[in-house]
Each structure stands twice: as C-alpha cells, then as structure tokens.
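Lettering of chains follows the sequences in order, A, B, ..., and the numbering in each one begins at 1. Note that these values count all heavy atoms, side chains included, but never hydrogens, waters or copies made by symmetry.
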Amino acid sequence: MSAFAEGLSALLDPTVAICLVLGLAVGTLVGAFPGITGSMAVALASGFTLTLEPVQGLAVLLTIYVGANYGDRIPSILVNTPGTPAAIATTLDGYPMAKQGKAGLALVSSSMVTTGGILISIVLFLFAARPVAQLALKFGPAEMFALVVFGLTIMISISSKSVLKGILTGIAGLAIATIGRDPITGDSRFVYGINDLNSGLSFIAVIIGLFGIAELFDQLLTHQQSKIKPISALGRWWPTKAEYKEMGKPFAVSSVIGMIVGVVPAAGGDIAGLIGWDRAKRMSKHPEKFGKGSLEGLTAADTASSATLGGSLTTTMALGIPGDSVMAVMIGSMIIWGLQPGPSLFTRQPELVASIAGIMVIATVLSLGISLVRTRGMVRLLDLPNHYLWVGILIFCIIGTYTTSNNVYTVWVMLGSGVAGVIMKRTGFPPGPVVLGLLLGPLAEANLRRALLIDGPSILLTQPIAAGLLALAVFSLGAPLVGRARKARKDRGAGGGGSSDGGHAVADEALDEVAQRS
Amino acid sequence: MSRSHTPHDEKSPSGNTPDGDFPRTAETTAETTAEHAAGPLVGAGTLEAVDAAQAEDGHAELARSSKRMEIVCASIAVAFCTVLILAARAIEVRNETGGVDPRWWPEVLGTFGLVLAALLLVVAIVRPPFDRDDMEAATREGWVRLAAAVALAVAFIFLWPVVGFLFITPPFLVVATYVFGGRGTKTVLLFPALMTAFLYLLFDTLLKVPL
C-alpha cells in the first residue's frame, strides 16, 4: 500500500472520527467567542491530546485550527468583534452587510469562500511541501542554524512593534531552552540540583502559560461590559447568480495572496485578510462600496485569511519552522509525540503527511456543513456571560497542564509563564519569539556548534544557502526600521501632517514593505 | 466618530508617541488589534477603514505610554542578561575543552542580549516611550480580578495534592465564578458542581489521568 493510501486509511479508525467531531465542536466555539484565539485553544487542547496517538491528537488539534477559522467570522459579522485576530478584516464589510439585513448572506458567503480558500491552500501543501522538504534535506548544520535564525527573525519582525524588544524575547526563549542537558555533551546546565529541570522546562506548560493563561489574565485586567447586542435578523441566506459572479475575482486574487502570506513564517490570517481586502479594493470596479457592506470585500478578506492555512502547514511540516502561532503550538505537541516536523518527516513518516492533508480536508468539509446549519444557535451563544468562559479557561489550563506530566511542578511552570506572559504583553514584549526560541533553541545550538566545530565560523558565510538565509534574517529585522525612518522623514517633509498625500501613497509604501519582506 | 486621539495621530518621527502620559480611546479591540497585526503591512486606507467600521461601538480607554515602565523593563532586561552571563560562566563541565563548550552558547546569548538590553535602556531614557495604542487600559476592577485569579490559582495548585481534586475543585470554582462576576444560586453553585463532575469524568475516568 502506498504511503498516501496508508495515511488516508488511518483516518478510517472510529476514534479519529470522534476526535474530528470533538475538535470541530471546540474549534467552532472557540472561534465564536471573541477573546479565545486559535493558538490559545490549541495550546489548551494540547494538554490532553498528549495521551492520544499522533493521528488522533492531530485530528483534534488540526480540526480546532480549521473550525476556529469558521467560527471567528460569526461575531465579526454579527457583533462587529472578530472571534480571533484572523477575522479582523471580516468586520470591515461583514458587519455593514449584517446591518443592511444581509447577515445570513454574509455568513453563508463567508463560509463558502473560507472553504474554497482552505481547500485550495491544501492543494498547495500537497504539491509544494514535498519538494521544499527534499531541498531542505540537503541542508547541513550551517543551513539548519541559518533557517532557525531566519524563522525567528521573521516572527520578531511581524509580532513586535519594537525590534529590540522582539530580539530580546527571542533571546529569552533561546536561553530558557538551554536549561537541562547540553545537546552535544550531555552536561547539566542551570539545573541547580532540581531533578525536574534535568529535562528542561516543559514547553507545553510554557506555551499554555504564554498563549492560554496570559490571554485570560489580560482579559481579566481590561474587560469592560460591552453594550453591543448581536444582530438577530439574518435575512436571506444564499447568494444569487450575480453575487456568485461578483465573488469570483476577489476569491481568485485573495487565494493567491493568502497562500503567499501563509508560507511566510509566523505570518497568519490577520495580516493576509487585511492585505487581501486592500488589494481587492484597488482592483474592484466599485471600490467606494468597500467598508460599507461590499460582498467583494467580505469575499476577499475571508478567502485571503483562510488560504493561509495550507501555506502555513507547508512551512511548518517541510521546514520545521512554524507558519503561524497555532503551528508553533502544534510543533510543541508533535515533538512530545516523538515527531519532529521538518524535512525528515517526509522520508520517515510520509503516511502522516497524507493523514494531515486528509484531516484538513475532512475538517474543512465538516466545518462548512456545520457553519451552514448552526448559525442561529450561535447568535444566542454570543450572549453567554464571560464568567463561565473565564472559569472554564482557568481550570482547563491548570488541569490540562497537569495531564502532560502528572506532576504539579509543571502546573507551577505554566502559572509562572502565564504571569510572565501577561507582564510581557502589557509591556510590549511579544510572547511568540519566546515560544519559537524555546522550541527551536536546541536545534539552533546543536547545529551552530557542529558547524563551528567541523568547519569553523567561515562556513556561515561561504555556504550560499546559509549566507542567503542569514542575509534575509538581517534584512527582515532591518527593513521595518528603514521603512519607519523613511516614513518619518516623509512625514517631517509634509510638515508633520501624516498622510496628507492620501491613504494610497502610504498604502503603496506599506505594501512595498510587505513585498520586500516576503 | 469622536475620539480624543486616533492611533494615527501625534506620532513622533521615531514612530513613538510624544513624551508624557495621555489617555487614548479606541472603539473596539478589533481596531487596535488590526493596527498592531498589520499596521506596517497594509495601507493607511485599510486601517482607516477598520477605524470606520468600528466607529459605532462603545469606547474603551487605551493603555497609556509610560517612560518609567520602559526604563524599568530595559533595566530588568539588562539584569537578566548579566545574570545569564554569570550563570553561564559558572556551569560545571565534565571535560574542559575550552572554545565551543556547553558554556559557550548561553554566554553568547547573554552577551548579545546585554548589548541589546543596554541599547533598549538608552532608547528608553533618551527617546519618547513606545505608544501602547494596541492594547486596552487596565481597570481597577481588572486588577482586583487578576490578583484574585492568581491568588486562587496558587491556592488551588498548593492545596490540590494535599486535599485532593474532588474536595478542592468545587470551592475553587465557586469562588472563581463569584469573583469573575457570576451571581445567583444556579451560576455560583450548579455550574461549579457540573464543571467538577465533567472534569473528573473527562480526565480521571476517560483519559485515565490520576487527579
């Protein structure tokens, strides 16, 4: 039996079906509740999927990932609040459509283009991941180190306002990863006689702390009672022929944008959605309707945002560098299951890659089905008081972390990370680079030391791939600084008047910056 | 749309806000999150559209920029990196080889970090503080809720191995629900009881995790 068929047949196990349904329910609910992000839900779920088989666990986590991409559109359209950051651009035209009595049409159209976006991007995963992985298999220690540095710098440049703060958090993550045994000699480092530290800090506990409990703490700190009521008059559901035609062009353009953004390490649906919406507006015959309830705008935003999933999966599985924050959490779980995402996954466990693609397709189709029938119930769910949610998250973070090791020490690590996480969030230090540094630290250190011991420091500059990746890493950190300085000069030249030359000049400049980064 | 400051107003050439603390308002988390997520990546027109789309909702005050906070953070970073260098030098190695040994990588990280942290400290002292217009301001109630949540979690984790899961979880959930704003018998008593039963069945009975 071929690896592909073997991977798909693994999905016929009834327990996988149960996991898919469970993940779908959780993912849809998570998306629908503003404040719970996909990364937070996957981090929480990773706590109790570690006891499952890899395929079962992946079924839960990937289905949450997909389900959240459907659920988050509901509050965006009905209450003008994105369920997760990936649905920010949905609010631009989704809510105005709902106010015009077209909420049903917006919800159904959104579900359909989301399905299309995800399915197209999975085709990218199926065709592009293997060649990328084969290329990466030729990487030596110098290239692997450069790849990790590149991934880390991209995450820093995307997730932080201050490059200095971003690099410092990345260094903190790499430093935390040194706790425990040295990856080459096995010497103890920073253990201080504490047995639990011998195997390093549990990264699942740190991830749940930084993405789960820190988010909860931040909500507790800033929450104010909202007076917005969800729109309950949904109107007609299905698009007309003319509306389907209208959706065609933005769908095609945004699919491509979404896939490109998805492939960029650490860039996710939030960025893709806004870029897709922006591009569709420029190409539209009716740009004046954008932001006022345009079906084209809604289509562009949701397609681009959802089409990042396959690209993100490609980067994660082929290179071992997370495509977005959910994938960073996913890598943590996979390492616990004994799977190392990266080029070797395609040679050692090709069937698992087929299983992953299969899970994504099934999850997408099921999500579409559910999103077409369950929307009315969701409207009522949006009124659920926050205290149920907060108590649930708090206790699940605690118990979920405990299940990873059956040791209360891990729960203390999670709580400590949560407190550190909320302080970091409030002071502008992004948590993403810490997690990435923690996950990829041993890989970076071991490969750098091997490269230096075998070939000396010059190898980093003489190997073209390594040198190229390091140059891109430096560029990804330097470009935002240069861009900001150029914009500041321009603002000064215009008398400090900001965007006096119109939004599009600034938009061009910003999008050029995206193109440079990509 | 009435607002005292938009996220695009009053930027200094550095991209930071001018000196001093001042309150800012925004309409929803979506607007601020959008700018943070993609501020440098999409056009100003798009961000203004996000502003406009959110304009009719209730106002939430944004966090203030603070020079003092930036200086404290940078100082902590300097201290952290210094400790890292010292701790790395104190690592005991079984076979002293010198050069690229187990001490080398943490020391490199510490040194590189120290240089950057010192730079951050200089920036914090001489430049205006970074704006925090991508986050909402903390409220007095929020600080109480947060302190209570941390205290409750610490008490729970400490008492769990001593008292046992089934005895500590219901009172923990009752207090947590009340502190987070739940009122009424059904909410404060029934919800914690059902949640405890659900957790026990899921983890202990189904997933065989000894709670």
Closest non-hydrogen atom pair between [X] and [Y], with its separation:
| X | Y | answer |
| --- | --- | --- |
| Ser76(A) | Tyr95(A) | O-CB, 3.8 Å |
| Asp93(A) | Lys292(A) | OD1-N, 3.3 Å |
| Gly418(A) | Ala214(A) | O-CB, 3.6 Å |
| Arg449(A) | Asp101(B) | NH2-C, 3.7 Å |
| Leu109(B) | Ala175(A) | CD1-N, 3.7 Å |
| Arg89(B) | Glu107(B) | NE-OE2, 3.1 Å |

What part of [X] gets closer than 4.5 Å to chain B, counting heavy atoms only: side chain, backbone, both or neither?
| X | answer |
| --- | --- |
| Leu394(A) | side chain |
| Thr427(A) | both |
| Lys425(A) | backbone |
| Ile423(A) | neither |
| Tyr388(A) | both |
| Ser188(A) | backbone |
| Asp182(A) | side chain |
| Tyr192(A) | side chain |

Could you have a look at [options] and say which one has the most heavy-atom pairs with chain B under 4.5 angstrom?
| options | result |
| --- | --- |
| Thr222(A), Val391(A), Leu221(A) | Leu221(A) |
| Ile399(A), Val408(A), Val411(A), Asn406(A) | Ile399(A) |
| Ala87(A), Ala89(A), Pro183(A), Gly186(A) | Gly186(A) |

Indicate whether the side chain of Ser405(A) and that of Thr410(A) have a donor and an acceptor atom separated by less than 3.5 Å.
yes
By residue number, those in residues 172-180 of chain B with heavy atoms under 4.5 Å from heavy atoms of chain A are Phe172(B), Leu173(B), Ala176(B), Thr177(B), Phe180(B)
Would you verify whether the NZ or CZ of Lys165(A) falls within 45 degrees of the ring axis of Phe429(A) while also being under 6.0 Å from that six-membered ring's centre?
yes
Where does [X] contact chain A at under 4.5 Å (heavy atoms): side chain, backbone, both or neither?
| X | value |
| --- | --- |
| Glu70(B) | side chain |
| Ile157(B) | both |
| Ala77(B) | side chain |
| Leu116(B) | both |
| Thr187(B) | both |

Within a strict 4.5 Å, meaning less than it, do heavy atoms of the Cys397(A) and Met414(A) side chains meet?
yes
Note, Pro430(A) side chain near Met424(A) side chain (heavy atom, < 4.5 Å):
no
Check whether Arg94(B) reaches the backbone of Thr185(A) with its side chain - one donor and one acceptor, N or O, closer than 3.5 Å.
yes
Judged by atom type as modelled, is there a donor-acceptor pair below 3.5 Å linking the side chain of Thr139(B) to the main-chain atoms of Gly142(B)?
yes
Top of [options] for chain A proximity - count of heavy-atom pairs under 4.5 angstrom:
| options | result |
| --- | --- |
| Trp105(B), Trp104(B), Phe165(B) | Trp105(B) |
| Ala138(B), Pro102(B), Gly182(B) | Pro102(B) |
| Ala148(B), Pro210(B), Pro161(B), Ala147(B) | Pro210(B) |

Any chance you could measure Glu92(B), atom CD, to Asp187(A), atom CG, to the nearest 0.5 Å?
9.5 Å
Ring-plane angle category for Trp160(B) and Tyr402(A), please: parallel below 30°, perpendicular beyond 60°, tilted otherwise.
tilted
Arg183(B): side-chain hydrogen bond (donor to acceptor under 3.5 Å, both in side chains) partners, not counting sequence neighbours
none
